[in-house]
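What follows is a single structure, written as structure tokens, with notes after it.
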Amino acid sequence: MEPTRVTMTKLIKPFQTDTRGIAFGGEIMAFIDIAASSAARRHCGVQSVTASVDAVHFVAPVKLGDLVVVKAMVNRVWKSSIEIGCKVESENMLTGERKYCCHAYLTFVAKGTTLPQAIPKTQQEIRRFNEADERRKNRIAKKSTEPDKILSLEYKEDGLPHTCANTFSQMVEIVFPEHCNSQQITFGCIFLQQWPYHEMDGSMCDCGSKQTLPIVSFDSFH
């Protein structure tokens with residue numbers, strides 16, 4: 001709903017890009033998480049945590065020096081959870097050209113309290129309100145039917161097995177106070193921000209070269 005709208009802008013700097021000057025997907029997802037959590041807190045008035053992120057597909061790359069514009073707004077509120085919709089665009093500040101990058105739906109949860117409801121008023125808000133409930137039903141159905149998955153070190157392509165062992169990447173990070181909210185729970189964006197570095201290492205090993213591959217899609221985060 002309009003009073004919950006948050007617009008966040010971020011300039012893409014060199015340490016946020018790969019060797020070709022394209023922003024890491026994890027950096028963009030971290031921006032999304034921050035903007036969404038701000039919209040959730042503006043509406044709820046209490047601290048909430050990231051519970052899940054739906055699939056994200058990157059339509060256009062964000063480049064070094066671009067301005068990232070993230071718009072976030074509450075779509076629907078349930079008893080203790082809330083869905084936030086986000087839209088991401090990149091802006092070339094020299095030409096003023098804007099490109100659509102991606103959109104995402106995030107679910108936040110606040111425990112121990114009943115959240116205030118959001119009442120849709122415009123036709124667009126009513127549409128988002130109804131669609132949010134369908135997405136929630138799909139998430140619950142997927143979560144209850146999806147079996148536990150175990151990482152396999154082999155895959156098959158054209159009937160021939162290939163080893164994936166040499167693409168395995170591991171990173172260890174200490175959680176510091178600046179990584180946590182007031183409840184001492186790590187921000188979801190911290191995890192999202194680190195993923196591209198693992199994927200970059202793995203993709204470079206698999207390709208057998210120094211060429212980095214940009215993230216084009218992100219399945220889900222729970």
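Just one of Ser81, Ser48, Ser52 meets the side chain to side chain contact (heavy atoms under 4.5 Å, CB included) condition when paired with Val109; it is Ser81.
Closest heavy-atom contact between Pro61 and Ser90: O-OG, 4.3 Å. For the residue pair Cys102 and Ile28, the shortest heavy atom distance occurs at SG-CG2, 4.3 Å. Summarising the geometry of Cys44 relative to Ile82, their closest heavy-atom pair is SG-CD1, 3.9 Å, with the distance given to 0.1 Å. Taking every heavy atom of both residues into account, Asn75 and Ala132 meet most closely at CB-CB, 4.1 Å. Contact between Met8 and Phe31 at its shortest, heavy atoms only, is CE-O, 3.1 Å.
Cluster membership for Val59 and Val69, using ILVMFWY side-chain heavy atoms within less than 4.5 angstrom, is not shared. Linking Ile, Leu, Val, Met, Phe, Trp and Tyr whenever their side-chain heavy atoms come within less than 4.5 Å leaves Val53 and Met73 in two separate clusters. When hydrophobic clusters are built by joining Ile, Leu, Val, Met, Phe, Trp and Tyr residues whose side-chain heavy atoms come closer than 4.5 Å, directly or via intermediates, Val6 is not grouped with Val68. There is no path of hydrophobic side-chain contacts, each under 4.5 Å, that joins Tyr105 to Phe108. Using a 4.5 Å cut-off between side-chain heavy atoms of Ile, Leu, Val, Met, Phe, Trp and Tyr, with links allowed through other members, Phe58 and Ile34 fall into the same hydrophobic cluster.
Separation of atoms OG1 (Thr9) and CE (Met93) is listed at 9.5 Å; rounding is to 0.5 Å. The structure places CZ of Arg98 at 5.5 Å from CD of Glu89, a figure rounded to the nearest 0.5 Å. Taking OG1 of Thr50 as the reference point, atom CD1 of Ile32 lies at 11.5 Å (rounded to 0.5 Å). One distance of note links NZ of Lys10 with CD of Gln16; it measures 8.0 Å at 0.5 Å rounding. Note that the NZ atom of Lys79 and the CD atom of Gln117 stand 11.5 Å from one another [nearest 0.5 Å]. In this structure, the separation between CG on Leu64 and CZ on Phe15 is 11.0 Å, given to the nearest 0.5 Å.
Between the Asn92 side chain and the Gly96 main chain, no donor and acceptor come within less than 3.5 Å of each other. A donor-acceptor pair under 3.5 Å is absent between the side-chain atoms of Asp133 and the main chain of Phe129, judged by distance alone. The backbone N or O of Glu97 sits less than 3.5 Å from a side-chain atom of Thr95, completing a donor-acceptor pair. Checking side-chain atoms of Asn130 against main-chain N and O of Arg127 turns up no donor-acceptor pair under 3.5 Å. Under the 3.5 Å distance criterion, the side-chain polar atoms of Glu27 are left unmatched by any main-chain donor or acceptor of Phe24. Not one N or O on the side chain of Asp33 forms a donor-acceptor pair closer than 3.5 Å with the backbone of Met29. Looking only at distances, a side-chain donor or acceptor of His43 sits under 3.5 Å from a matching main-chain atom of Pro116. Between the Ser80 side chain and the Ala110 main chain, no donor and acceptor come within less than 3.5 Å of each other.
Under a 4.0 Å N-O distance rule, the pair Lys99/Asp66 does not qualify as a salt bridge. Salt bridge status for Arg136 with Glu83: absent, with no side-chain N to carboxylate O gap under 4.0 Å. A salt bridge does not link Arg76 with Glu125: none of the charged nitrogens is closer than 4.0 Å to a carboxylate oxygen.
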**OP:** Starting from the C-alpha separation in whole Å, work towards a yes-or-no answer on side-chain contact (heavy atoms from CB on, under 4.5 Å) for Arg41 and Val46.
**Re:** CA-CA 6 Å; Arg41 189 165 190 174; Val46 296; over 6 Å; no

Original post:
Passes side-chain contact (heavy atoms from CB on, under 4.5 Å), Lys121 versus Met1? Steps please.
Top reply: CA-CA 8 Å; Lys121 296 180 180 179; Met1 295 33 181; over 6 Å; no

**OP:** Dump the intermediate steps for side-chain contact (heavy atoms from CB on, under 4.5 Å) on Val70 and Thr7, then the final yes or no.
**Re:** CA-CA 6 Å; Val70 185; Thr7 300; over 6 Å; no

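Around the CD atom of Glu2, the shell of radius 6.0 Å holds more than 12 heavy atoms that belong to other residues, nucleotides or ligands.
Inter-residue side-chain proximity for Val62 and Ile22 is flagged as unmet; no heavy-atom pair is nearer than 4.5 Å.
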